[in-house]
Amino acid sequence: MENNQQKMMNILFSNKKNMFFYWNCVKDFWQVFGDYISKMNSEKSNPLKALMEEELILPEDRNVFQAYLFQIEKGLEAGIPESSLEIQCHIKSREGYQWYSINCRFLKDEQNRIIEIAGFLEPMSAVEIMQKKQQVLLTMDRTPQVLAKAVREQFSKYPQEKFAFIQLDVERFKMINELYGDAFGTEVLGNILSTLKGICSKEQLYTRLSADLFLVVTRYKEEKELVEFIHYMEENLNHYKDVSYAIAFGVYLVSDKTMEIRHMADSAALARKSIKGNALQNIAFYSEDMKSVLYSRKFIEDNMKTALKEGQFVMYLQPKYSISENRIIGAEALVRWIHPEMGMIVPMNFIPVLEENGFIVKLDEYIWEQACATIRKWMDAKKVPVPISVNVSRVDLMSDKLLSILNELLEKYQIPKELLELEITETVQNINIGSAIRSLKEEGYTLLMDDFGSGASSLNTLKNTPFDVIKIDREFLNDFIESDRGQKIIAHTIHMTKDIGLDLIAEGVETKEQAMFLQDCGCNMAQGYYYAKPMALEEFNQLIL
């Protein structure tokens with residue numbers, strides 16, 4: 001007995017090359033009329049939906065096809081600006097999977113409501129198939145050369161028209177992975193790419209740059225038209241299944257088509273980053289005052305590997321003091337970039353860039369080793385060593401090699417664990433990173449929670465924290481110490497923290513009055529400019545003597 005799939009294949013792939021279908025949306029969207037559908041002895045009346053349900057669509061194309069159906073359904077609900085929607089995908093025929101083009105055209109009433117849909121399905125020519133393969137390569141290939149070539153071709157084809165680069169990413173995408181699992185996060189990204197294929201026309205270039213980062217290059221006439229297109233993308237991209245999320249868009253309006261394509265994309269990225277985490281705004285246009293940031297970033301990325309290789313990154317130490325004894329009891333390892341031509345480059349200018357591009361991992365490992373080597377030299381010189389705390393970033397905590405790298409350094413330099421302390425920013429805590437922190441604790445490392453008081457959930461983090469020492473944030477101290485009520489909050493925070501068995505150290509202590517107040521409240525460890533600024537190792541060695 002013939003199954004539904006075979007029956008539909010017999011209908012679709014008879015002697016007809018082009019198959020026509022039609023349905024009246026006013027009566028019933030799913031009631032389809034056509035010169036071949038009426039032959040189907042099946043409950044499935046929508047030919048497009050039947051293609052999916054009978055598994056006639058190539059598995060790799062199903063996300064794209066599902067997004068196409070979704071576009072049609074959304075169009076019926078809210079109206080869509082296009083007069084037609086087209087898709088190309090593989091459909092199973094007697095000869096196997098073949099490339100076909102499906103085109104739906106919409107007839108609207110005076111209120112702009114879709115009342116009828118007509119369409120056709122036809123095999124693609126060899127030329128069309130080659131063009132499609134090139135488009136797929138562009139979409140999936142992450143090398144910038146492929147995108148640059150396609151953009152240049154568009155510039156040449158439409159020399160008088162205006163172009164825009166639109167970069168978009170999912171805000172707090174890591175939170176989606178944590179709440180729903182990595183597999184669901186992967187589905188979200190696949191759905192975004194599939195939906196972009198349904199949204200973008202043949203000449204709108206789109207690509208996935210990295211995990212949750214996408215780029216669309218499009219022509220436009222007026223900025224208003226561009227904003228409407230972005231809103232249209234947002235409406236279709238900001239949810240998957242029952243999960244909704246925010247998307248940030250950065251836009252660069254091309255003013256000079258001879259500019260490097262990478263710089264155009266970077267300009268869109270700068271605009272996007274300018275509103276990162278902004279709950280009130282999710283679209284930003286690049287402006288000229290962002291240019292210095294772009295050039296600074298390029299300088300950092302062009303020089304960071306050479307800087308590490310040539311030792312331009314230098315470990316500085318900031319002493320930690322006992323307030324009551326006025327003596328050094330430890331140090332925090334910090335990094336400075338001393339460039340042979342630019343001179344001193346402060347961390348706030350290069351650390352965020354290195355965190356974004358992942359190079360921070362190599363830099364952190366370098367500073368960890370510098371700290372271990374310094375402790376070893378103190379021990380070899382028969383000096384009483386003080387613990388050095390090193391910073392561990394979010395990127396480090398996400399690596400499954402973190403523990404082995406630290407243990408290997410301790411083994412290489414033969415130093416005890418208690419002399420290498422780990423500072424971890426409070427705000428990096430989440431489900432995945434929390435397990436890494438617990439592993440470090442179980443291994444016996446001393447953990448310091450950096451920037452306590454800067455996050456919204458500081459008190460809640462104390463409940464079951466694996467940390468040993470809490471570092472009171474500089475801004476928290478400065479903001480609260482100015483008033484009686486603020487001083488009481490600081491005092492109660494210190495007392496509470498000590499009551500649950502945690503040590504404290506205050507950052508950013510700048511005056512004797514601050515130091516005395518902290519001591520009176522029970523906090524006996526401090527670091528800040530009142531005691532000493534971060535300094536080179538030679539200067540620290542002189543100070544400790």
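Atom CD1 of Ile275 and atom CZ of Phe285 lie 10.0 Å apart (nearest 0.5 Å). With rounding to the nearest 0.5 Å, the separation of CG in Leu447 from CG in Leu440 is 6.0 Å.
Looking at every heavy atom in both residues, Leu270 comes nearest to Tyr286 through CD1-CE1, 4.2 Å. Contact detail for Trp378 and Val386: the closest heavy-atom pair is CZ3-O, 3.5 Å. Heavy atoms only, all atoms of each residue included: Phe214 and Leu189 are closest at CZ-O, 3.9 Å. In plain terms, the two heavy atoms of Leu420 and Cys372 that are nearest each other are CD2-SG, 3.9 Å. Contact record, Ile494 with Gly522: CG2-C, 4.0 Å, taken as the closest heavy-atom pair. Considering all non-hydrogen atoms of both residues, Ala506 and Cys523 come closest at N-SG, 4.0 Å.
The stretch residues 398-410 participates, sequence neighbours left out, in no salt bridge (charged side-chain N to carboxylate O under 4.0 Å, His left out) pair at all. Screening residues 359-374 for salt bridge (charged side-chain N to carboxylate O under 4.0 Å, His left out) gives Glu369-Lys412 as the qualifying pairs, with residues at least two apart or on separate chains.
Under the 6.0 Å distance and 45° angle rule, Arg376 does not count as a cation-pi partner of Tyr413.
Checked for salt-bridge contact, Glu260 and Arg262 miss the test: no charged N lies under 4.0 Å from a carboxylate O. The pair Arg438-Glu442 does not meet the salt-bridge criterion, since no charged nitrogen lies less than 4.0 angstrom from a carboxylate oxygen. Using a 4.0 Å cut-off between charged side-chain N and carboxylate O, Arg272 and Asp169 make a salt bridge. With respect to Lys441 and Asp468, a salt bridge is recorded, a charged nitrogen being found less than 4.0 Å from a carboxylate O.
The aromatic rings of Phe350 and Trp337 lie perpendicular to each other, with more than 60° between the two planes, well past the 30° mark. In this structure, His492 and His495 have perpendicular ring planes: the angle between them is above 60°, well past the 30° mark. Taking the six-membered ring where the residue is Trp, Tyr321 and Tyr531 present parallel rings, their angle staying beneath 30° rather than reaching 60°.
Glu507 meets the side chain to side chain contact (heavy atoms under 4.5 Å, CB included) test with Glu332, Asp450, Asp451, Lys471, Gln527; sequence neighbours excluded.
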Notebook entry, point to check: Given the rule in the side-chain hydrogen bond (donor to acceptor under 3.5 Å, both in side chains) test, do Asp396 and Ser393 qualify, once you have shown the distances and angles that lead to the verdict?
Noted result: CA-CA 5 Å; Asp396 297 320; Ser393 71; 3.0 Å; yes
Next item on the list: Determine, stepwise, if the pair Tyr240 / Glu187 fulfils side-chain hydrogen bond (donor to acceptor under 3.5 Å, both in side chains).
Entry: CA-CA 8 Å; Tyr240 177 66; Glu187 288 183 29; 2.8 Å; yes
Next item on the list: Go through Ser322 and Asn524 one step at a time and tell me if the side-chain hydrogen bond (donor to acceptor under 3.5 Å, both in side chains) criterion holds.
Entry: CA-CA 6 Å; Ser322 164; Asn524 190 47; 3.2 Å; yes
Margin query: Working note: Lys320 + Ser389, criterion side-chain hydrogen bond (donor to acceptor under 3.5 Å, both in side chains); need CA distance, chi angles, decisive distance, verdict.
Written below: CA-CA 10 Å; Lys320 299 176 183 178; Ser389 62; 2.8 Å; yes
Note to self: Checking Lys305 against Phe359 for the side-chain contact (heavy atoms from CB on, under 4.5 Å) test, could you report, in this order, the C-alpha distance in whole Å, the side-chain angles of both residues, the deciding distance, and whether it holds?
What the structure shows: CA-CA 9 Å; Lys305 293 181 181 178; Phe359 194 76; 3.8 Å; yes
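By the 4.5 Å heavy-atom criterion applied to side chains, Ile261 and Val217 are not counted as neighbours. Two residues are said to be in side-chain contact when any heavy atoms from C-beta on lie closer than 4.5 Å; Pro534 and Tyr529 meet this criterion. No side-chain heavy atom of Ile57 sits under 4.5 Å from any side-chain heavy atom of His90. Within the 4.5 Å cutoff, no side-chain heavy atoms of Leu363 are placed close to those of Met304. Within the 4.5 Å cutoff, the side chain of Thr374 has heavy atoms near those of the Met315 side chain. Side chains of Phe229 and Val216 form a contact here, defined as non-hydrogen atoms less than 4.5 Å apart. Looking at Phe480 and Lys488, their side chains never come closer than 4.5 Å, going by heavy atoms from C-beta outward.
The six-membered or imidazole ring of His263 lies away from that of Tyr252, with a centre-to-centre distance of 6.0 Å or more.
Counting non-hydrogen atoms of other residues, nucleotides and ligands closer than 6.0 Å to CG of Asp380 gives a total above 12.
Under a 3.5 Å cut-off, the side chain of Ser274 and the backbone N or O of Ala271 do form a donor-acceptor pair. Glu325 contributes no side-chain N or O that, together with a main-chain N or O of Arg327, makes up a donor-acceptor pair within less than 3.5 Å. No donor-acceptor distance shorter than 3.5 angstrom exists from the side chain of Asn349 to the backbone of Ile345, with no hydrogens or angles considered.
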